[in-house]
*Asks:* 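I'd like to ask some things about the structure below.
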Amino acid sequence: MVADFRQRALDNSKRELENTVLLLTRHYDQQLHEFTGLQESVVSQIETSAMSTPERFKGEMSTLEMHEALRAKVSRYTDVAGVNVYDVEGDLINSSEYWPVPKVNIFDRVYFQDLKSASASAPILIQLVKGRFAAGWAIVVAQRISGANANFLGVTTRAISPAIVEKFFETVTLGKDASISMYHRDGTLLARYPHAESTIGRNFSSGPVHQALSQVDGVVTQIISPIDGLDRLVAARRLDNFPLTIGASTTVSAALADWREQTRFLVVVAIISAFIVAGFVSLIVLQLSRQHKKSKNRLSLEKHRLNTAVNNMTQGLLLFDASARLIVHNDRYAEMYGLAAERLHAGCSLRDLVSYRKETGSFVGDVDFYCAGVLRDAGLSKTTVMETADGRSIQVMHRPVADGGWVTTHEDISERCRSEERIAHLAQYDALTDLPNRVLIRDRLELHLKRLSRGEQFAVLYIDIDEFKTVNDSLGHTVGDELLKEVANRLRGCVRDTDFVARLGGDEFAIVQTRISHPADVTELISRVYEAVRQPFECLGHQIVIDASIGIAFAPDDGQDLDQLLKNADLAMFGAKADGRRTYRFFEPQMDARVKARRALELDLRNAIANGGLELHYQPLVSLSDNSIVGCEALLRWCHPQRGMISPAEFIAVAEETGLIVQLGEWVLETACIEAASWPENLKIAVNVSPVQFRSPTLGLKIAAALSSSGLAASRLEIEITEAVLIRDDETALGALHEIRALGVRVALDDFGTGYSSLSYLQRFPFDKIKIDRCFVNEITDEKGSSAIVQAVVAMANARNMTTTAEGVETEQQRKLLQNIGCIEMQGYLFSPAKSSADIKKMFADYRPINEAVA
Ligand code: C2E
Ligand code: CA
Ligand code: CA
């Protein structure tokens with residue numbers, strides 16, 4: 001822009017100079033035309049007079065009149081320059097200014113010679129000369145005066161002082177460094193503003209301006225001025241009608257003054273703009289750097305957090321880029337494999353890392369093979385578990401990331417694996433005995449069933465510990481558990497490698513015996529089991545004797561599928577239980593029906609308890625000494641809607657097994673007490689209490705409650721228990737018995753002589769009565785019968801102040817014998833079976849004992 005402005009400023013100056021010289025040339029053309037007009041008129045006046053000789057011319061022209069005429073002519077012009085007339089000799093012959101005419105000769109003047117030798121009629125010459133009238137330069141305009149036949153007569157001149165021209169130039173000059181010059185066409189400088197004396201009259205024809213002007217009328221150019229040595233713009237032009245040239249110039253520096261000003265302004269504006277822009281830029285930079293710093297801070301905070309997160313992971317972490325170079329890792333990784341932290345760094349290659357691990361022994365396997373595998377599967381998500389040399393399980397999870405790299409996490413799952421194994425084991429093995437559980441035995445049985453080839457068979461032994469519940473309830477679960485563990489161990493010891501033992505739950509075990517070649521194989525195993533189980537157990541300081549009921553089913557005969565097989569073994573076991581326990585039974589198809597019937601019975605019994613299908617009957621106890629009724633035993637009766645009367649012998653066992661006996665027994669106690677309370681006061685009531693009821697710690701309280709609610713005197717109530725209550729070293733039962741005794745209630749030992757009956761029980765608790773079992777009474781009259789035993793029992797009882805009652809007395813013979821032996825009471829069909837409440841009361845009312853002694 002600056003360059004453009006500069007060029008424009010130069011162009012403008014040039015144009016201005018051009019215009020100036022154009023106007024000046026026109027002006028001087030006009031001026032000179034007017035200026036020369038005077039001489040023309042003088043010349044034409046002379047020439048029209050047609051003077052043919054110079055003498056005549058001289059004569060006529062040198063008169064005073066002519067002087068006056070000339071003066072008059074000049075006065076008509078505004079111009080002050082006078083006019084002079086010279087003769088052929090160059091002598092001044094007349095002048096408008098001087099009279100008398102001074103002696104002046106111009107014969108030596110170039111213009112005179114030229115005009116004299118010229119043939120043209122009236123040429124006008126202009127020449128700069130040193131004036132002869134006054135000192136200083138004069139621009140002479142000269143014209144030839146010709147005679148009648150065109151001969152030379154003389155010259156007329158007018159002169160212009162360069163000072164006048166210069167004065168005019170001053171009025172039109174264009175500024176400080178500007179100059180205006182007038183040249184003769186031959187290159188002579190005629191006048192110049194500003195005036196430079198030394199240059200006036202100098203010839204500049206060889207200068208570039210004059211050279212150019214010899215070709216064209218006007219020229220504009222830039223030169224180093226020959227006058228003042230300055231760089232100048234010059235415009236020059238020739239006058240149209242006179243041999244003159246006008247030049248105008250100005251210095252380049254003046255021409256560019258405005259431009260310089262403009263440029264300075266532009267530069268200032270540019271600088272200010274630059275400053276403003278720089279200010280803005282620096283503000284932006286400042287803001288950006290602040291933001292950058294902020295984001296750097298945030299970034300470093302985030303990095304710190306990420307580091308914290310990554311290094312507090314429980315997993316080892318590696319992040320690789322697409323070229324398998326490590327980008328991120330955490331401390332946990334190094335720690336997991338015992339690697340030196342400084343060997344792990346960003347940029348380290350997968351191969352280096354794995355080789356390093358190989359070095360340290362935490363990687364086993366081929367490095368190249370492993371790395372190739374990782375790179376091949378880099379784009380896949382996968383999870384593998386690796387075993388380390390030190391036996392840990394490491395789960396390696398591989399996940400590709402978006403940029404082509406991948407991330408792996410390494411997690412030590414050894415503990416998890418162990419617990420999974422434990423859980424898997426627990427799912428299949430019994431926690432207490434570590435025997436296979438029901439789930440595993442099912443799996444194995446299924447397998448055995450599938451593999452069973454023709455003619456082959458295997459046996460399933462279903463083993464239930466008799467009375468285990470009693471042990472558990474009376475000695476506590478810890479002892480119970482200990483017992484089960486011991487039982488499991490002994491059972492393990494009974495089987496061959498090909499067989500196996502399982503715990504089915506509670507006190508139930510099973511043995512699967514394979515490769516049976518003979519039925520004796522099974523019975524041998526059974527006797528081994530019994531031998532093992534019947535040895536007394538030492539459990540936490542308690543000596544425990546147990547027994548078992550075993551049911552046996554054969555595959556494939558007793559069951560094609562495993563459910564059937566297990567169920568049938570179970571049924572056989574129930575059969576053994578129903579047949580008095582402590583024994584084994586092979587499965588028989590009818591067992592199923594029996595069990596079904598038993599189930600139905602249980603259901604009906606529940607119904608009866610709820611809806612009142614049960615009642616109590618009372619069987620009198622009679623004194624053997626005087627035949628008087630001393631009391632009654634309450635015996636349960638169930639009048640079944642379909643089956644009629646069902647014996648307690650049949651349903652008490654079911655009630656005991658199902659626990660219904662507790663509820664039933666309470667009802668019996670309450671009912672019996674209420675009934676007895678309505679009887680004559682001398683009559684006692686005997687109530688049977690099951691061993692199961694003795695497991696309840698509240699039995700004593702319940703008896704007390706029954707007594708108080710019925711109003712029956714405690715001394716009239718007698719509790720009958722069997723030795724099963726005392727069969728174990730059972731402090732609870734003994735405590736309960738003492739409690740009952742403390743209430744004033746009498747306690748009788750029922751069914752004496754059955755089961756394990758031993759006299760030792762009599763020492764453990766001071767019974768009030770012994771009830772001698774029916775089987776002794778039955779045989780008492782036989783020759784090799786039991787009379788001696790009964791006699792011994794009675795004697796011992798008497799010695800200890802215990803009453804004796806003989807049960808099941810059916811014949812007079814038996815009664816007599818018992819009476820003789822010294823037995824105190826009897827009970828039996830001989831006197832009366834159990835009777836309903838109403839009937840027994842009727843009996844009490846009607847009965848008059850016939851005293852034998854009296855009779
Ligand atoms: P138990 O305590 O030995 O009762 C006597 C059983 O002998 C009764 O059988 C009775 O009817 C029967 N009996 C009485 N005199 C004779 C006789 O001269 N000859 C023969 N052959 N039998 C005679 P029942 O009523 O069937 O009772 C059977 C067992 O049921 C009872 O034996 C008793 O152990 C149990 N029982 C009965 N009622 C209850 C009860 O309320 N609670 C409990 N826990 N058990 C009961
Ligand atoms: Ca009884
Ligand atoms: Ca009895």
*Asks:* Quick one: sort the F554 and F586 rings into parallel, tilted or perpendicular, breaks at 30° and 60°.
*Replies:* parallel
*Asks:* How long is the gap from NZ on K769 to OG1 on T804, to the nearest 0.5 Å?
*Replies:* 9.0 Å
*Asks:* Supply the atom-to-atom distance S696 OG to I661 CD1, rounded to the nearest 0.5 angstrom.
*Replies:* 12.5 Å
*Asks:* Do E656 and S690 get their side chains close enough for a donor-acceptor pair, meaning under 3.5 Å?
*Replies:* yes
*Asks:* Which atom pair, heavy atoms only, marks the closest approach of N798 to G822?
*Replies:* ND2-O, 4.0 Å
*Asks:* Step by step, would you call Q813 with T781 a side-chain hydrogen bond (donor to acceptor under 3.5 Å, both in side chains)?
*Replies:* CA-CA 7 Å; Q813 204 183 354; T781 50; 4.6 Å; no
*Asks:* Say you draw a straight line from CG of L664 to CG of L614; how long is it, rounded to the nearest 0.5 Å?
*Replies:* 6.0 Å
*Asks:* Please confirm whether the backbone N or O of A532 pairs with a side-chain atom of R490, one donor and one acceptor, at under 3.5 Å?
*Replies:* yes
*Asks:* Is any side-chain heavy atom of W638 less than 4.5 Å from a side-chain heavy atom of D604?
*Replies:* yes
*Asks:* Decide, yes or no, whether a salt bridge links D592 with K596 under the criterion of side-chain N to carboxylate O below 4.0 Å.
*Replies:* yes
*Asks:* Can you confirm whether I546 sits close enough to V487 that some side-chain heavy atom of one is under 4.5 Å from a side-chain heavy atom of the other?
*Replies:* yes
*Asks:* Got a salt bridge between E657 and R581, using NZ or NE/NH1/NH2 to carboxylate O under 4.0 Å?
*Replies:* yes
*Asks:* Under 6.0 Å between ring centres: does that hold for Y618 and F844?
*Replies:* no
*Asks:* For G631 and L683, work out which heavy atoms get closest and say how close.
*Replies:* N-CD2, 4.0 Å
*Asks:* For V630 versus S623, what's the shortest heavy-atom pair and its separation?
*Replies:* CG1-CB, 3.9 Å
*Asks:* A634 and I685: which non-hydrogen atoms are nearest, and at how many Å?
*Replies:* CB-CD1, 4.1 Å
*Asks:* With no hydrogens and no angle check, just 3.5 Å: does a side-chain donor-acceptor pair link S549 and D464?
*Replies:* no
*Asks:* Looking at E531 and R528, is there a salt bridge between them, counting it only when a charged N and a carboxylate O are closer than 4.0 Å?
*Replies:* no
*Asks:* Measuring from atom CD of E615 to atom CZ of R637, what distance do you get when rounded to the nearest 0.5 angstrom?
*Replies:* 9.5 Å
*Asks:* Under a plain distance cut-off of 3.5 Å, with no hydrogens placed, do T658 and E602 share a side-chain donor-acceptor pair?
*Replies:* no
*Asks:* Looking at A797 and I770, what are the two nearest heavy atoms and their distance?
*Replies:* CB-CD1, 4.1 Å
*Asks:* Check the pair D768 / R741 against salt bridge (Lys or Arg N to Asp or Glu O under 4.0 Å), numbers first and verdict last.
*Replies:* CA-CA 9 Å; D768 296 293; R741 264 306 267 307; 3.6 Å; yes
*Asks:* Distance-only criterion, 3.5 Å: show the donor-acceptor pairs between side-chain atoms of residues 641-648 and protein atoms not counting sequence neighbours.
*Replies:*
{"from": "R643", "atom 1": "NH2", "to": "E650", "atom 2": "OE2", "distance (Å)": "2.7"}
{"from": "S647", "atom 1": "OG", "to": "A649", "atom 2": "N", "distance (Å)": "2.9"}

*Asks:* Could you give the distance from CG (L562) to CZ (R442), rounded to the nearest 0.5 Å?
*Replies:* 4.5 Å
*Asks:* Is any side-chain heavy atom of F651 less than 4.5 Å from a side-chain heavy atom of L636?
*Replies:* yes
*Asks:* Just so I know, are the side chains of I544 and L475 near enough to count as touching, which here means a heavy-atom distance under 4.5 Å?
*Replies:* yes
*Asks:* Would you mind listing every ring pair (Phe, Tyr, Trp, His ring centres under 6.0 Å) that reaches into residues 799-829, with sequence neighbours excluded?
*Replies:* none
*Asks:* Let me see the working for Y530 and D547 under side-chain contact (heavy atoms from CB on, under 4.5 Å), right down to the final yes or no.
*Replies:* CA-CA 8 Å; Y530 274 122; D547 216 309; 3.4 Å; yes
*Asks:* Strictly below 4.0 Å, N to O, side chains only: are E718 and K771 in salt-bridge contact?
*Replies:* no
*Asks:* Does atom CD of Q590 have more than 12 heavy-atom neighbours, drawn from other residues, nucleotides or ligands, at distances under 6.0 Å?
*Replies:* yes
*Asks:* When you measure from the side chain of N472 to the backbone of F468, do you find a donor-acceptor pair of N or O atoms at a distance under 3.5 Å?
*Replies:* no
*Asks:* Report yes if the side chains of T722 and P691 come closer than 4.5 Å at any heavy-atom pair, otherwise no.
*Replies:* yes
*Asks:* If you compare all heavy atoms of Y847 against all heavy atoms of S628, which two are closest, and at what distance to 0.1 Å?
*Replies:* CE2-CA, 4.3 Å
*Asks:* Can you see whether Q663 engages W667 through a side-chain donor-acceptor pair at a distance of less than 3.5 angstrom?
*Replies:* no
*Asks:* Are any of the side-chain heavy atoms of E807 and D750 separated by less than 4.5 Å?
*Replies:* yes
*Asks:* Other residues, nucleotides and ligands only: do more than 12 of their heavy atoms fall within 6.0 Å of NZ on K841?
*Replies:* yes
*Asks:* Rounded to the nearest 0.5 Å, what separation is found between the NZ atom of K684 and the CD atom of E633?
*Replies:* 14.5 Å
*Asks:* Within the 4.5 Å heavy-atom criterion, are L605 and I609 side-chain neighbours or not?
*Replies:* yes
*Asks:* Does D430 come within less than 4.0 Å of R438, counting only side-chain N to carboxylate O?
*Replies:* no
